Undergrad: 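Quick one: this structure, given as structure tokens, is what I'll be asking you about.
One is the number of the first residue; the rest follow in order along the sequence. Not measured: the values here are computed from a predicted model. Atoms within a ligand are numbered from 1 in the order they appear, just like the ligands themselves.
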Amino acid sequence: MRLTRYFLPVTKETPADAQIVSHKLMLRAGLIRQTAAGIYAWLPLGLRVLKNIEAIVREEQNRAGAVELLMPTLQSADLWRQSGRYDAYGPEMLRLKDRHDRDMLYGPTNEEMITLIFKDGARSYRDLPRILYHIQWKFRDEVRPRFGVMRGREFLMKDAYSFDLDEDGLRKSYEAMFVAYLRTFARLGLQAVPVKAPTGPIGGDLSHEFHILADTGESALFYDAAIEEVTRDDLLSADASTIARLTGLYAMEEEEHAKVADCPVPAERLRSRRGIEVGHIFAFGTKYSASMGVSIQTKDGSQIHPQMGSYGIGVSRLIGAIIEASHDEAGIVWPESVAPFRVGLINMRADDAACTHAADRLYGQLCEAGVETLYDDRDERGGAKFATMDVIGLPWQLIVGPKGLEKGVVELKRRATGEREELSVESALARLAG
Ligand code: 5CA
């Protein structure tokens with residue numbers, strides 16, 4: 001993509017209304033634009049990151065055996081009256097009326113809708129177990145939307161729902177999602193801490209939150225330092241034993257920790273840090289399947305209500321969490337797996353015909369090799385181009401300038417470390433295409 005044809009409104013000024021670094025950088029790097037309190041438009045660069053995160057979340061859901069569908073954002077109030085949550089949900093729910101004066105709402109979550117869809121489509125034990133999920137916008141009329149996409153009112157969530165014949169099946173589905181979560185966050189370059197959680201309005205008795213450690217997190221956590229010893233490789237190859245190891249280690253939110261009379265962790269191993277909740281999973285049994293009358297015939301002919309769980313990931317919130325975890329003074333440092341482009345190609349002298357010719361040619365070769373490249377072909381000072389590339393945080397910068405060309409070299413800079421290296425065009429291509 002040529003920058004002269006793109007839409008990348010990068011700013012040098014620090015936006016006054018942003019308090020935390022990820023929000024500031026998302027605005028400065030032209031990823032999002034606020035259109036109303038807690039509601040954001042995704043600009044082209046931000047949308048690419050969102051899609052990359054979504055793709056990793058999707059791959060891991062599919063790998064765990066979950067099946068994708070898509071439910072609407074607008075729901076009828078009657079659906080929620082069936083579960084009894086319509087009145088219980090409170091002012092966070094955005095309620096509206098259609099032209100026939102029917103009560104509608106913008107979905108804050110989808111337990112009711114998926115339960116009804118499953119009820120219509122499943123009859124017998126052969127239809128279980130199933131895990132269904134979608135990636136869809138949600139609306140919660142938060143009292144204090146803040147920190148940009150971190151606590152928005154409209155936000156993108158992956159929510160999965162499991163249906164099992166018995167509690168043992170539910171435990172297996174819960175574990176499959178737990179593994180998918182550990183792998184998903186590791187692939188996003190994040191270290192997520194699973195924390196045993198109270199279940200709140202979703203209901204049920206088994207629940208975990210997944211937190212990214214960051215000083216700007218909204219939750220205060222207490223956990224066993226041994227959790228920090230779990231490596232990325234452990235997480236990528238996670239199985240039931242990894243879950244046992246992790247959930248065997250103490251980790252609590254402050255409020256819950258305060259209720260624990262005898263903390264099992266010795267003081268020297270107890271860590272206290274803040275966390276960003278990027279995922280939340282619940283096993284709630286028959287809460288919705290019973291209240292909404294889902295009956296499934298078992299092998300022996302009896303009828304049961306399926307055991308259910310729900311599993312959320314804050315897809316749009318993850319962008320904020322990733323930036324909180326990965327940035328420096330100059331800007332964002334994207335992990336390779338979610339970067340909006342792999343390479344930023346800089347033509348240092350758009351007013352120099354030879355330099356432009358060489359940069360154009362290199363751009364063509366990168367595209368040909370399938371390397372996602374943002375090409376700064378603007379007629380601007382080199383300094384401004386470097387600053388733009390640094391703030392948007394692409395993993396590699398490839399710099400073409402007249403001096404290098406005389407020697408037959410281009411410069412390759414790694415954003416994460418700042419390491420620079422001169423090499424021939426061919427070697428640069430080989431390196432980046434790999
Ligand atoms: N139905 C369940 C799981 S499918 C559910 O709604 N869980 S939740 O309330 O915990 O939300 C799931 C995830 O969505 C959270 O872990 C968080 O990462 C994200 N999330 C929740 N509220 C917001 C918000 N206001 N802005 C951005 N992300 C949010």
Undergrad: Does the residue F282 have a heavy-atom contact with ligand 1, meaning some pair of atoms that are separated by less than 4.0 Å?
TA: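 Judged by the 4.0 Å heavy-atom criterion, F282 does count as contacting ligand 1.
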Undergrad: Which of the atoms in ligand 1, numbered in the order shown and given with their element, are less than 4.0 Å from a heavy-atom of V149?
TA: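 It comes down to these atoms of ligand 1: 27 (C).
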Undergrad: Could you give all pairs that pass the side-chain hydrogen bond (donor to acceptor under 3.5 Å, both in side chains) test and reach residues 49-60, with sequence neighbours left out?
TA: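 side-chain hydrogen bond (donor to acceptor under 3.5 Å, both in side chains) check on residues 49-60 returns E54-R58, R58-E68, E59-R187, E60-R183, E60-R187.
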Undergrad: Nearest to atom 25 (N) of ligand 1 by heavy atom, E111, R151, E142: which?
TA: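 Comparing heavy atoms across E111, R151, E142, the nearest one to atom 25 (N) of ligand 1 lies in E142.
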Undergrad: Any chance CD of Q303 has more than 12 other-residue heavy atoms, nucleotides or ligands included, within less than 6.0 Å?
TA: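 Buried by this count: over 12 neighbours within 6.0 Å.
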Undergrad: Heavy-atom contact under 4.0 Å between G279 and ligand 1?
TA: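 Yes; G279 lies near enough to ligand 1 that a heavy-atom distance drops under 4.0 Å.
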Undergrad: Any nitrogen or oxygen of G152, main chain or side chain, under 3.5 Å from a nitrogen or oxygen of ligand 1?
TA: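 Checking ligand 1 against G152, an N or O pair does fall under 3.5 Å apart.
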Undergrad: Heavy atoms only: give me the nearest Y174-H208 pair and the separation to one decimal.
TA: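 Looking at all heavy atoms of both residues, the closest pair is OH-ND1, 2.7 Å.
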Undergrad: I'd like to know if E256 pairs up with K259 as an ion pair, taking the criterion as any Lys NZ or Arg NE/NH1/NH2 lying under 4.0 Å from an Asp or Glu carboxylate oxygen.
TA: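 Between K259 and E256 there is a salt bridge, with a charged N closer than 4.0 Å to a carboxylate O.
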Undergrad: Would you say the side chains of D78 and S76 form a donor-acceptor pair under 3.5 Å?
TA: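 Result is no, nothing qualifies.
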Undergrad: Hey, looking at atom 27 (C) of ligand 1, which of M150, H134, K138 has the closest heavy atom?
TA: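 Going through M150, H134, K138 one by one, M150 has the nearest heavy atom to atom 27 (C) of ligand 1.
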Undergrad: Determine, considering heavy atoms only, which of H280, R140, E92 sits nearest to atom 5 (C) of ligand 1.
TA: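 Among H280, R140, E92, the closest heavy atom to atom 5 (C) of ligand 1 belongs to R140.
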Undergrad: Please determine whether a side-chain nitrogen of the Lys or Arg among R130 and D164 lies less than 4.0 Å from a carboxylate oxygen of the Asp or Glu.
TA: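 A salt bridge is absent here (no side-chain N lies under 4.0 Å from a carboxylate O).
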Undergrad: Heavy-atom distances under 4.0 Å are what count here, so tell me which part of R317 touches ligand 1: side chain, backbone, both or neither.
TA: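 The answer is the side chain of R317.
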Undergrad: N/O of D159 under 3.5 Å from N/O of ligand 1, yes or no?
TA: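 No - when backbone and side-chain N and O of D159 are compared with those of ligand 1, no distance drops under 3.5 Å.
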Undergrad: Near V278, which atoms of ligand 1 are under 4.0 Å from a heavy atom of that residue?
TA: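 Selected atoms, number and element: 16 (O), 18 (O).
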Undergrad: For a quick test of reading the model, state the closest non-hydrogen atom pair linking L213 to Y223 and the distance between them.
TA: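 Closest heavy-atom pair between L213 and Y223: CD1-OH, 3.4 Å.
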Undergrad: Which of the atoms in ligand 1, numbered in the order shown and given with their element, are less than 4.0 Å from a heavy-atom of Y311?
TA: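 Close to Y311: 3 (C), 4 (S).
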Undergrad: To the nearest 0.5 angstrom, please state how far the CG atom of L165 sits from the CD1 atom of I304.
TA: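 Atom-to-atom, L165:CG and I304:CD1 are 5.0 Å apart.
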